[in-house]
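Notes follow the structure.
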2 protein chains.
Amino acid sequence: MSGEQNIVDFIASSRGNKTHCSTCSLSSLCLPIALNNSDLDTLDKVIKRGRPIQKGELLFKQGDPFHAIYAIRTGAVKTFTVAPSGEEQITGFNLASELVGLSGYSQDTYPLSAKALETTTVCELPLDKLEVLCDEIPGLRKQLMKNMGSEIRHDQQMMLQLSKRSADERLAHFLLELSGRFERRGFSAKSFRLSMSRVDISNYLGLAVETVSRIFTRFQKSELITTEGKEVTVINCSELSELAGNPTIKEECNAAH
Amino acid sequence: MSGEQNIVDFIASSRGNKTHCSTCSLSSLCLPIALNNSDLDTLDKVIKRGRPIQKGELLFKQGDPFHAIYAIRTGAVKTFTVAPSGEEQITGFNLASELVGLSGYSQDTYPLSAKALETTTVCELPLDKLEVLCDEIPGLRKQLMKNMGSEIRHDQQMMLQLSKRSADERLAHFLLELSGRFERRGFSAKSFRLSMSRVDISNYLGLAVETVSRIFTRFQKSELITTEGKEVTVINCSELSELAGNPTIKEECNAAH
DNA sequence: TGTTTTTCTTGACTTAAATCAGTGTTTTTA
DNA sequence: TAAAAACACTGATTTAAGTCAAGAAAAACA
């Protein structure tokens, strides 16, 4: 069973004809977690829910005026910065319930681009409305800052990965991190579909595609995972965690499933 | 003339007996930029200005309860995360006027440590008071979020450095970035003192110390810079910028000085 | 449906930076 | 102020990951 298909089912069950924050099954992961019902309704009125974004389309482009932040409802996006020289660096992958575009707060334009990895629907939070709401709902401000804090923490963990870990360690870490994120969304931690290409993974992890490809093969030979194209199954979670240098996850491997 | 000495002079001129936000010469760089005088006073009342922190002392430690953010008044700090395996990754260096500890918003403990690189004085902004103030002064909230956004952008630029740039490019970029930050604080962009060790630089840039040492020597042989211990003078800013892959800085080289 | 295009994999070879080893130089502290 | 410790530099060697090249498999398209 594919992760993508399941997210769609998951969401479908949460809406009648229209989607609302109060009935969205992602609300416990998304922004509204700390908000009461009345605040949730206020927020809900401000959210734009447009047509789906097709694979390859941009949600916003580096340099565009910073006018909104987005919550992923279904699908997945990648965010990336482009250097003056034209090189691209993928800074993250975002799944359902995650917020995209927060780094826009640093200036008046987005410092990165966001592109859909598959057909994706989003909740758009227009900045002007959000600004007003932030002053009205203290819980919303805190939640937003918490999200920004988490992004800083993520990026700093990534700096450690890029500067201190071997190629094997990076890929192991990447797979387990994704696995955990799927699990928190109610999907299998063992088996999931990678919505990004090998090129995207290698760019994100600071490696050559060939290296990533070789490690996938190697991980299969040593029976840590199996793959079938973009479908990945974790066989030996414990050993994979050991490789990733993550003792916490390792314990969870034995506990869960 | 050393950067450190000058920062001290700079600050000294801005205080009579007591330091206040309204008289601090860093205020145009620090938090209060967007605040009016009355708001500034409100903020000022909340700030704790303790004794100086000695070189090597921690401002806060990874895992400590998140209870305050800090503005550097004089001196410099490094922030770093420690992996479960014990490896350290320096995530940034902070100079006078910069805010430290913002990533604490991601949870209830600091996800990194901050250590003084030299004798350092800070303005402590206790979280409980800051929370109240954020709800009272909308400009303060915006300013804080802008600072967090800038940190995200910085870390993502760093990801690009670590994953795409050669050792030479990284060091060139590092030196020019520092140069620019000194200049914005009113010091020489050409000549400054590195408050961090070569080991710190190499850790931050994801390189071995030996590599950093060799590049310093190489940069001197090709007459891009001169060094005398921690003192650095940029001779050929233009070519250094070229190396760093930064066309914007390159133009500024010819304009300024 | 077959054809083009993109993505993925594998092998052979190269290289940038790491590691190892040793020496000189500051800084700390006793 | 002398000894110890930490820091900085240099050379020789190794190695992990990159590059180049080419074929296989999937995806996109027409």
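Sequence lines set the chain letters: A, B, ... in the order given, protein chains first and strands last, and positions in each chain run from 1.
Considering only side-chain N and O atoms, B:K55 lies nowhere under 4.0 angstrom from the phosphate OP1 or OP2 of C:dT27.
Using cut-offs of 30° and 60° for the angle between ring planes, the A:Y204 and A:H154 rings count as parallel.
A residue-by-residue look at A:R170 and A:K230 shows that A:R170 has its nearest nucleotide of DNA chain D further toward the 5' end.
Heavy atoms of B:G56 sit nowhere under 4.0 angstrom from any nucleic acid atom. Among the protein residues, B:V199 comes within range of the sugar-phosphate backbone only, with heavy atoms under 4.0 Å from sugar or phosphate atoms but none that close to a base.
Contact of the B:L162 side chain with the B:R170 side chain is registered, since non-hydrogen atoms from C-beta on lie closer than 4.5 Å.
Listed nucleotides C:dT9, D:dA8, C:dA17 differ in distance to A:R198; the shortest reach to its side chain belongs to C:dT9. Between C:dA18, D:dA17, D:dT19, one nucleotide has an atom nearer to the side chain of B:A208 than all others, and that is C:dA18.
Exactly one of B:V82, B:T91, B:I90, B:V100 qualifies for a side-chain contact (heavy atoms from CB on, under 4.5 Å) with B:L112. That residue is B:T91. Tested against B:Y70 for a side-chain contact (heavy atoms from CB on, under 4.5 Å), the candidates B:K48, B:E98, B:E124 yield a single pass: B:E124.
If you measure from atom CZ of A:R165 to atom P of D:dA17, you get 13 Å, rounded to the nearest angstrom. Atom pair B:M196:CE and D:dA6:C1' shows a separation of 18 Å (rounding to whole Å applied). Following rounding to the nearest Å, B:K164 (NZ) and D:dA17 (C1') show an atom-to-atom distance of 14 Å. Atom CD1 of B:I201 is separated from atom C1' of D:dC9 by 14 Å (rounded to the nearest Å). Distance, B:D200 CG to D:dA6 P: 14 Å, rounded to whole Å. Distance CG (B:L207) to P (D:dC9): 15 Å, rounded to an integer number of Å. Between the CD atom of B:E228 and the C1' atom of C:dT26 there is a distance of 13 Å, given to the nearest Å. Between the P atom of D:dA8 and the CD atom of B:Q220 lies a distance of 14 Å, rounded to the nearest Å.
For residues 210-219 of chain B, proximity to DNA chain D is found at B:E210, B:S213, B:R214, B:T217, defined as any non-hydrogen atom under 4.0 angstrom from a strand atom.
Two rings, from A:F192 and A:F187, have their centers 6.0 Å or more apart.
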Legend entry - Test salt bridge (charged side-chain N to carboxylate O under 4.0 Å, His left out) applied to B:K164 and B:E169, step by step: CA-CA 10 Å; B:K164 301 280 179 311; B:E169 291 167 337; over 6 Å; no
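A salt bridge does not link A:R214 with A:E210: none of the charged nitrogens is closer than 4.0 Å to a carboxylate oxygen.
If you check D:dA12 for Watson-Crick or wobble pairing at under 3.5 angstrom, you find it paired to C:dT19.
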